[in-house]
Amino acid sequence: MKRSQLRRIGSLVVTLLVATVVAVPPAYAAPATGPVPAGGTVVVNDAQSPTGSIAGRLTRPGGTQAAYWVVQADGDDDSGSALTDGFGHYRIDNLAPGSYRLLFLLPSGARQWAPQARSRETAGSFAVSADTVTTHDEQLLPTGSVDGRFTDAAGNGMAGISVTVFDVERNEYLSGSTTADGRYRIDGVLHGDYRVRFTDWQSGLDQYAHGKLTEAAADPITVAANQTTTVDDSRLPTGSVRITARDSVTGAVVPDFFATVLGRGGASTGGAVVIDEVPAGSHVISASGENHPYVGNAATVTVVAGEQTDVELTLRPYARITTRVTDRASGAPVGDICVVALPVKTFPFPGGCSGVSDPTGAATLRVSESGAYNLLVLPEPGSDYGAQWVGSTGGTGTQQTARRVTVAAGEVRAVPKIKLDPRGTISGTVTGATGAPVQAGSVSIAGPDLSGSGHGNRGSQVAADGSYEIDWLGPYEWPLLFSAADHAYQWSGTVGNRLNADPVSVQAGATTDFDHTLTQGTNLVVTAPGEPGVCRLVVRNAVTSDGAGLVHNYSPTSGTPLRILGGQKVKIELTCGSTRWYGGTDLASATAVTIPAQGTVSISFPAV
């Protein structure tokens with residue numbers, strides 16, 4: 001919650017049902033410690049922090065007022081917005097002191113930053129002080145228009161087609177639709193290069209000017225101030241695809257599955273999926289089934305205009321691991337326990353379960369790929385049982401000591417019972433490299449979430465006094481990952497490789513005290529000449545693939561240093577629209593970079 005939201009909470013009033021006495025302590029007074037009198041009311045005042053304002057006038061290119069348009073103040077810790085009045089004046093109040101950038105939203109959807117900038121990165125900064133008004137008048141840049149006509153393959157205008165003129169980098173999306181004769185016009189477009197997209201979800205139309213099927217292949221459309229750019233296009237000729245499937249292990253027909261081409265498709269009927277109005281050309285088919293995992297590239301189909309193309313897919317079935325979950329002490333079955341199969345050595349914290357035990361304790365885990373797996377047990381938060389890696393004779397806290405289970409596609413592999421133990425707790429204090437407790441950070445048994453799914457990993461957030469607590473672990477020895485601002489990710493024992501960490505012992509029903517002092521780490525500077533805008537930088541340990549560093553908004557032109565723990569080898573992934581690996585094309589082929597104990601490591605991707 002931003003400070004502006006907290007600040008506007010006002011005062012808290014606690015009222016008993018029968019009000020006879022009102023006690024109002026003075027502002028900033030210590031709260032009363034005695035009980036509230038029977039039939040009384042206590043009013044607690046929350047003093048408001050001093051704030052400032054930004055005000056000014058917004059005008060059109062000719063100097064006339066821009067009435068009732070949105071203005072936003074965007075700061076690092078606070079934000080606010082307002083509408084211009086009938087004369088174009090605006091005022092944004094209750095802003096915490098700090099630095100802000102101003103954004104003006106045109107009715108068309110175009111975005112202009114002050115002063116007359118096209119992006120936040122090039123916008124000016126406006127300082128706001130307590131009890132003062134910062135002023136700025138802004139004149140809008142001149143705009144142009146985009147018009148055109150969209151037709152079917154025979155040249156007839158198509159009505160009701162959605163048209164979007166967009167610029168992803170500037171987050172501008174201006175929309176319109178075609179009239180009865182297929183014509184459209186979108187005004188209020190700021191100068192620059194755009195792409196144009198035509199869509200109709202009912203018929204499955206989705207293409208880009210001119211006659212392209214992907215955003216990457218779309219033609220750039222230049223819009224100039226005070227001019228109209230005409231973009232005509234027509235629907236690509238289409239055919240249909242009929243898809244059937246067989247099991248790769250048994251060779252049997254798969255009667256129930258789901259398939260898509262270009263995002264369009266559906267469930268099989270009578271053992272086949274028929275997709276109409278697919279643009280002519282070569283396209284990838286994706287498919288999945290109840291007993292067959294999703295395959296993004298199941299086959300390639302070449303569609304011929306006006307014809308139906310038949311394709312038979314070969315789908316690999318799930319492998320299955322069966323087991324039974326029990327209480328170690330009593331041997332009784334335990335239901336509703338999540339069990340996850342993870343490839344050996346790797347530990348991306350799961351967003352779901354491979355299988356969940358039923359009331360008899362039975363659990364069946366579905367596995368997408370053939371190979372060797374370890375099993376991780378994750379009882380629900382608040383359970384009496386603790387998490388565990390499934391070992392040969394019982395639970396363990398380290399993946400490298402877990403039982404290895406190898407399965408092949410379509411195989412059913414039974415493993416011995418999983419025996420659950422009571423949970424225990426680890427708590428302690430995290431100290432920064434300066435010697436003071438860190439005021440924010442996290443402690444976990446897994447590396448950072450690199451998937452972007454946001455499912456988290458049940459880690460403990462470090463409190464303002466540096467304290468943390470993890471209370472859901474089984475009574476084994478566990479490695480812990482520590483993170484905090486301006487410090488490198490590091491495992492207990494101050495290592496970058498999870499498999500080499502010093503584990504922390506957990507006792508059932510008891511609390512283990514474990515304090516950790518962070519090492520700041522080595523500076524890693526990554527640059528990529530020619531990469532525009534903001535990128536996502538991921539640094540992985542070369543052995544485990546765990547995250548060793550992560551920045552969601554990274555500028556590869558400025559090369560801001562990222563802290564990485566020394567003494568490990570890492571691989572570097574940079575995503576700026578598309579993903580690039582340093583020294584390779586994927587994780588396996590990327591170059592392993594050695595991080596020394598101190599100093600700075602500079603990495604430069606080839607120019608684009």
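Scope of the values below: all heavy atoms of this structure, side chains included, with no hydrogens, waters or symmetry mates.
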Pair W389 and F347, ring centroids less than 6.0 Å apart
yes
Quick one: pull up CG in L378 and SG in C353 and give me the separation to the nearest 0.5 Å.
7.0 Å
Apply side-chain hydrogen bond (donor to acceptor under 3.5 Å, both in side chains) to R118 and list each qualifying residue two or more places apart in sequence or on a separate chain.
E172, Y194
Which distance, rounded to the nearest 0.5 Å, do you find between the CD of Q507 and the OG1 of T425?
11.5 Å
T396 versus T401, side-chain donor and acceptor atoms under 3.5 Å
yes
List in chain and number order the residues that pass side-chain hydrogen bond (donor to acceptor under 3.5 Å, both in side chains) with T557, two or more places apart in sequence or in another chain; answer none if no residue qualifies.
S555
Which of these passes side-chain contact (heavy atoms from CB on, under 4.5 Å) with V601: N523, L562, V593, V525?
V593
Name all residues meeting the salt bridge (charged side-chain N to carboxylate O under 4.0 Å, His left out) criterion together with R264; count only those two or more places apart in sequence or in a different chain, and write none if there are none.
none
Excluding sequence neighbours, so at least two apart, what forms side-chain hydrogen bond (donor to acceptor under 3.5 Å, both in side chains) with D502?
none
Between D546 and R540, does any NZ, NE, NH1 or NH2 come within less than 4.0 Å of an OD or OE carboxylate oxygen?
no
Contacts of E411 meeting salt bridge (charged side-chain N to carboxylate O under 4.0 Å, His left out) (sequence neighbours excluded), chain-then-number -> R413
Strictly below 4.0 Å, N to O, side chains only: are D206 and R197 in salt-bridge contact?
yes
Interatomic spacing from CG in L524 to CG in L565 - rounded to 0.5 Å
12.5 Å
Could you measure the distance from the OH atom of Y468 to the CG atom of D515? Nearest 0.5 Å is fine.
7.0 Å
Starting at CG of L313, measure out to CG of D247 and round the result to the nearest 0.5 Å.
12.5 Å
With the side chain counted from C-beta on, respond yes when Y100 and D74 share a heavy-atom pair under 4.5 Å apart, and no when they do not.
no
CZ of R404: more than 12 outside heavy atoms within 6.0 angstrom?
no
With disulfide (SG to SG under 2.5 Å) as the rule and sequence neighbours excluded, what pairs involving residues 522-590 come up?
C535-C576
Atom pair CZ (R458) and CG (D471), whose distance is rounded to the nearest 0.5 Å
10.0 Å
State plainly whether the residues R246 and E312 are in salt-bridge range, i.e. N to O under 4.0 Å.
yes
